Student: 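Below you'll find the structure I mean.
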Amino acid sequence: DRRQRQMCIRDRYQRRVRGISSRRRRKSKKMSWQAYVDEQLVKTKAVNQGAIIGHDGNTWATSPGFTVSPADGKALVGLFSNPTDASAKGINAGGNKYITVKADNRSIYGKKGPGGIVTVKTGKAVVIAVYGEGQQPGNAANVVEKLADYLIENGY
């Protein structure tokens, strides 16, 4: 009787552990880089366009009509290692040049007219978002920073 209870408890525990690990695997397979850009950035309406690039400057995902060339991507990633250069050089992305408003090792924010850009570096990527007229810079920054925090927590 005691042995049966122990086996029953062990079996329930193993099923629960297997269920959790398989759910985690399924969830990670469903979310692509493009989905992060579409659902976690653009769909929030806090930004108009977004992209995720690797530390090598290559694009992992981007919203329609927004491109970050590999040269601009490399230059942007380089600004994080020396944030004081960001103030002097500005930020080039999507064919536009933005004036740097804030720059540190984690985030670089830029402004151009009524809109602007928010870039945040994670362990393996840089999240980029552009906001336009009528969108609040603070809301855009929150959305990008939260996505970056999530990617960092998950090893990216």
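The shown structure was predicted, so the numbers you read here are calculated from the model rather than taken from an experiment.
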Student: Any side-chain heavy atom of E145 sitting closer than 4.5 Å to one from R106?
Tutor: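 Yes, their side chains come closer than 4.5 Å.
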Student: Which pair of heavy atoms, one from Q49 and one from G65, lies closest together, and at what distance?
Tutor: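 Taking every non-hydrogen atom into account, NE2-O, 3.5 Å.
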Student: Can you confirm whether I99 is buried at CD1, in the sense that more than 12 heavy atoms of other residues, nucleotides or ligands lie under 6.0 Å from that atom?
Tutor: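 No - once you tally the heavy atoms of other residues, nucleotides and ligands closer than 6.0 Å, there are 12 at most.
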Student: What about V127 and Y109, same hydrophobic cluster or not, with Ile/Leu/Val/Met/Phe/Trp/Tyr joined at side-chain heavy-atom distances under 4.5 Å?
Tutor: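 Yes: a chain of side-chain contacts under 4.5 Å links V127 to Y109.
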Student: Decide, yes or no, whether a salt bridge links K121 with D104 under the criterion of side-chain N to carboxylate O below 4.0 Å.
Tutor: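 Result for this pair is no, no salt bridge flagged.
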Student: Give the cluster check for V77 versus I91: same hydrophobic cluster or not, with ILVMFWY residues linked at side-chain heavy-atom distances below 4.5 Å.
Tutor: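 V77 clusters together with I91.
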Student: Indicate the atoms forming the closest heavy-atom contact of A140 with Y131, along with that distance.
Tutor: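 Scanning both residues, the minimum pair turns out to be CB-CD2, 3.7 Å.
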Student: Quick one: does any side-chain atom of N154 pair with a main-chain N or O of Y150 as donor and acceptor, under 3.5 Å?
Tutor: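 Here the side-chain-to-backbone pair exists.
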Student: Give a yes or no answer on whether the side chain of T122 reaches the backbone of L151 with a donor-acceptor pair at less than 3.5 Å.
Tutor: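 Judged by distance alone, no pair lies under 3.5 Å.
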Student: Do F80 and V68 sit in one hydrophobic cluster, given that two such residues count as connected whenever their side-chain heavy atoms are within less than 4.5 Å of each other, even indirectly?
Tutor: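 Linked, F80 and V68 end up in one cluster.
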Student: Taking all heavy atoms of A129 and all of V47, pick out the closest pair and write down the distance.
Tutor: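 Nearest heavy atoms, A129 then V47: CB-CG1, 3.6 Å.
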Student: Looking at NZ of K124 and CD1 of I52, how far apart are the two atoms once the value is rounded to the nearest 0.5 Å?
Tutor: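 Rounded to the nearest 0.5 Å, the NZ-CD1 separation comes out at 13.5 Å.
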Student: So which heavy atom on G73 is nearest to which on I53, and how close?
Tutor: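 That closest heavy-atom pairing would be CA-CD1, 3.7 Å.
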Student: Using modelled atom types and a 3.5 Å cut-off, is there a donor and acceptor pairing between side-chain atoms of T119 and backbone atoms of I108?
Tutor: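 It does hold such a pair.
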Student: Measuring only between side-chain heavy atoms, which start at C-beta, is V144 closer than 4.5 Å to L41?
Tutor: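 Yes, their side chains come closer than 4.5 Å.
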Student: Regarding N139 and Q135, do their side chains bring together a donor and an acceptor under 3.5 Å, going by distance alone?
Tutor: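 No - no donor-acceptor pair under 3.5 Å links their side chains.
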Student: Is there a path of hydrophobic side-chain contacts, each under 4.5 Å between heavy atoms of I/L/V/M/F/W/Y residues, joining V42 to F66?
Tutor: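 Shared cluster, no.
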Student: So which heavy atom on V37 is nearest to which on T62, and how close?
Tutor: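 Nearest pair, atom of V37 first, then T62: CG1-C, 4.0 Å.
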Student: Output the distance between atom CG (N58) and atom NZ (K74), rounded to the nearest 0.5 Å.
Tutor: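 The CG atom of N58 sits 7.5 Å away from the NZ atom of K74.
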Student: Taking the side chain as every heavy atom from C-beta outward, state whether Y156 and W33 have any atom pair closer than 4.5 Å.
Tutor: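 Of all side-chain heavy-atom pairs linking W33 with Y156, at least one is under 4.5 Å.
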Student: Could you tell me which non-hydrogen atom of K102 sits nearest to which non-hydrogen atom of S107, and how far apart they are?
Tutor: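 So the two residues come closest at NZ-OG, 3.6 Å.
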Student: I'd like to know if the side chain of H55 and the backbone of V126 have a donor-acceptor N/O pair within less than 3.5 Å.
Tutor: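 Pair absent, no side-chain N/O of H55 close to backbone of V126.
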Student: Transitively linked via ILVMFWY side-chain contacts under 4.5 Å: L76 with Y98?
Tutor: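 Yes, it is one cluster - the side chains of L76 and Y98 are joined through contacts under 4.5 Å.
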Student: Any side-chain to backbone donor/acceptor pair from S63 onto G50? Under 3.5 Å, distance only.
Tutor: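 Side chain of S63 to backbone of G50, a donor-acceptor pair under 3.5 Å: yes, one is there.
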